[in-house]
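In what follows, chains carry the letters A, B, and so on, assigned in the order in which the sequence lines appear, proteins first and then strands, with residues in each chain numbered from 1. When reading the values below, keep in mind they use all heavy atoms of this one structure, side chains included, and skip hydrogens, waters and symmetry mates.
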2 protein chains.
Amino acid sequence: MAERTPLTRDRLLRSAVRLADREGIGALTIRSLARDLGVTPMALYHHVHGKEEILDGIVDLVFAEIALPEPGEPWPAAMRRRAASARRALARHPWAVVLMESRTAPGPATMRHHEAVLASLRAGGFSVPAAATAAAVLDAFVYGFAVQEAALPFDGTPTPEVIEGFRVHVDPQAYPYMAEMLTGHVAQPGYDFGAEFERGLDLILGALAP
Amino acid sequence: MAERTPLTRDRLLRSAVRLADREGIGALTIRSLARDLGVTPMALYHHVHGKEEILDGIVDLVFAEIALPEPGEPWPAAMRRRAASARRALARHPWAVVLMESRTAPGPATMRHHEAVLASLRAGGFSVPAAATAAAVLDAFVYGFAVQEAALPFDGTPTPEVIEGFRVHVDPQAYPYMAEMLTGHVAQPGYDFGAEFERGLDLILGALAP
DNA sequence: ACCTGAACACCGTTCAAGT
DNA sequence: ACCTGAACACCGTTCAAGT
């Protein structure tokens with residue numbers, strides 16, 4: 001994996017994102033990252049102050065992938081577009097929402113994101129407190145949905161093996177309603193957990209108003 | 001910290017929860033936990049199979065703290081009560097929502113929780129798919145809100161020092177809407193981020209229907 | 001300016017051994 | 001049955017040294 005291009009902070013962070021995507025955030029270590037970059041662990045310290053700064057940096061790279069509301073775009077369309085975009089970004093990088101919880105140093109992309117969201121809501125007629133509520137509720141839904149999607153033992157639609165696993169582990173005597181949910185809904189053809197995202201988002205956007 | 005009571009799985013897990021609460025999930029190691037219990041690291045392996053089982057176990061202990069819907073309780077009251085209880089539990093144990101994302105082996109308390117939620121919604125007249133949507137949206141909101149609360153650099157109401165920090169770091173030229181939000185709302189007396197929880201929950205419960 | 005080698009104080013886990 | 005000591009293959013980070 002030896003590379004000839006000189007190491008930069010940007011190349012370091014992009015490599016870290018790829019490594020976390022590929023092998024999980026637990027496998028992202030200074031040493032494994034250095035290995036990928038064809039360099040010794042200590043070389044990284046010339047571009048970042050330590051592991052914490054790497055974690056801050058890759059969270060900001062994920063925020064940079066999220067579509068921003070466009071100036072002039074009606075707020076419901078803008079919120080729907082950025083929520084869907086955020087969900088896709090968090091599904092591509094399932095470790096991101098975990099890290100977000102522990103980061104307190106928002107990067108530039110994160111700041112731009114929040115600024116654009118507030119700008120869209122304020123332009124749509126929301127008062128400052130109403131914009132705060134709308135942003136908090138929408139963000140909570142997007143982040144919490146990402147947590148649920150990441151915790152699913154399947155990708156949207158469960159495989160026959162996963163369904164068989166449910167049947168073995170969920171005793172209908174002890175958990176009748178969970179059993180009903182699994183056989184009568186989750187195991188049905190065409191089931192897709194991801195569809196709950198659109199339904200939930202519609203529900204919240206319908207209830208929000210300036 | 002030497003203790004004379006014999007080590008049990010339950011004592012081990014409760015000690016792990018206290019350690020994670022006190023020093024963060026990153027400080028919960030086999031070795032630090034053994035130290036707290038007055039025992040060698042290897043002694044733990046006689047009660048759990050490894051660290052993964054400890055993480056599964058403490059997530060289940062957090063679910064055990066969440067109030068369950070009572071049989072016969074109207075579903076909106078039940079959902080409101082268990083959402084508020086879940087939020088308090090996740091605020092007491094901020095590491096829990098992070099772990100939830102990576103756990104795929106739900107414990108007995110987790111199973112009982114989900115079963116009771118589905119039972120309440122089904123008894124309230126929700127169809128199986130509608131109950132799935134309602135549970136997914138409510139859980140997403142609760143988990144996502146917990147992520148936001150954990151990421152806040154303050155506890156509900158920001159201290160003057162935190163507000164001063166915002167003023168320094170958020171340039172009103174670059175981020176006018178964030179600056180407006182901070183000075184015109186967050187820095188105002190009586191501001192409490194936690195109040196967004198009730199508002200968001202009301203909004204979602206009002207939009208949900210069997 | 002940028003990278004390295006050796007070292008330090010940590011991890012989780014296995015193994016063989018003690019009571 | 002329950003616990004231990006020593007060892008192994010890992011961590012993040014510091015320091016002094018090389019080019």
Side-chain angles (χ1 to χ4, degrees), chain A residues 1-61 95-96 98-99 101-105, chain B residues 1-61 95-96 98-99 101-105:
Chain A
M1 289 259 187
E3 314 215 10
R4 325 218 70 231
T5 9
L7 192 52
T8 62
R9 189 188 137 93
D10 191 64
R11 210 158 71 76
L12 188 160
L13 292 178
R14 292 187 186 281
S15 203
V17 167
R18 275 196 305 272
L19 179 51
D21 289 348
R22 211 172 59 231
E23 303 180 38
I25 191 71
L28 171 61
T29 67
I30 294 275
R31 293 167 121 96
S32 63
L33 181 55
R35 229 164 3 238
D36 270 19
L37 289 163
V39 99
T40 61
M42 290 59 67
L44 306 192
Y45 285 85
H46 289 274
H47 300 93
V48 289
H49 287 113
K51 190 162 181 185
E52 289 294 297
E53 192 178 324
I54 296 178
L55 298 181
D56 284 335
I58 62 177
V59 167
D60 203 52
L61 279 181
W95 41 265
V98 175
L99 285 188
E101 197 184 295
S102 58
R103 301 296 100 193
T104 46
Chain B
M1 287 255 190
E3 314 214 12
R4 323 219 70 229
T5 8
L7 192 52
T8 63
R9 190 187 136 92
D10 190 64
R11 209 156 72 78
L12 188 160
L13 293 177
R14 291 187 187 283
S15 202
V17 167
R18 274 196 305 271
L19 180 51
D21 289 347
R22 208 172 60 230
E23 303 180 38
I25 191 71
L28 172 60
T29 68
I30 294 275
R31 293 167 120 97
S32 63
L33 180 54
R35 223 155 21 229
D36 270 20
L37 290 162
V39 100
T40 61
M42 290 60 67
L44 305 191
Y45 285 86
H46 288 274
H47 301 93
V48 290
H49 286 113
K51 188 162 181 185
E52 288 295 296
E53 192 178 323
I54 296 178
L55 300 180
D56 284 335
I58 61 177
V59 167
D60 203 53
L61 278 181
W95 42 266
V98 175
L99 285 187
E101 198 185 296
S102 59
R103 302 295 99 194
T104 47

Atom pair OG/CZ of B:Ser15 and B:Arg22 - distance to nearest 0.5 Å: 7.5 Å
Between [atom2] of [N] and [atom1] of [X], the distance in whole Å:
X	N	atom1	atom2	answer
A:Leu12	C:dC2	CG	P	13 Å
B:Ile30	D:dC3	CD1	P	14 Å
A:His49	D:dT14	NE2	C1'	14 Å
B:Arg35	C:dA9	CZ	C1'	11 Å
B:Leu33	C:dC11	CG	C1'	14 Å
A:Glu53	D:dT13	CD	P	11 Å
A:Arg11	C:dC2	CZ	P	13 Å

Only counting residues at least two apart or in another chain, list the ones meeting side-chain contact (heavy atoms from CB on, under 4.5 Å) with B:Thr8. B:Asp10, B:Arg11
What residues, two or more places apart in sequence or in another chain, satisfy side-chain contact (heavy atoms from CB on, under 4.5 Å) together with B:Leu13? B:Arg9, B:Ile54, B:Ile58, B:Leu61
Does a nitrogen or oxygen in the side chain of A:His47 sit under 4.0 Å from OP1 or OP2 of C:dC3? yes
Look at A:Tyr45 and D:dT14 and indicate whether a side-chain polar atom (N or O) is within less than 4.0 Å of OP1 or OP2. no
Given Watson-Crick and G-U pairs under 3.5 Å, DNA chain C in dot-bracket ([ ] crossing, | other strand) is ||.|||||...|||||.||
Provide the full list of side chain to side chain donor-acceptor pair (under 3.5 Å) pairs with a residue in residues 37-51 of chain B, sequence neighbours left out, each pair given once. B:His49-B:Glu53
Who are the side chain to side chain donor-acceptor pair (under 3.5 Å) partners of [X], not counting sequence neighbours?
X	result
B:Asp21	B:His93, B:Trp95
B:Glu23	none
B:Arg31	none

Report yes or no: does A:Ser102 contribute a side-chain atom to a donor-acceptor pair with the main-chain N or O of A:Leu99 at less than 3.5 Å? yes
Test salt bridge (charged side-chain N to carboxylate O under 4.0 Å, His left out) applied to A:Asp56 - qualifying residues, sequence neighbours left out: A:Arg103
List every contact pair, protein side and nucleotides 4-7 of chain D side both N or O, where the distance is under 3.5 Å.
| residue | atom | partner | partner atom | Å |
| --- | --- | --- | --- | --- |
| D:dT4 | OP2 | B:Thr40 | N | 2.9 |
| D:dT4 | OP2 | B:Thr40 | OG1 | 2.6 |

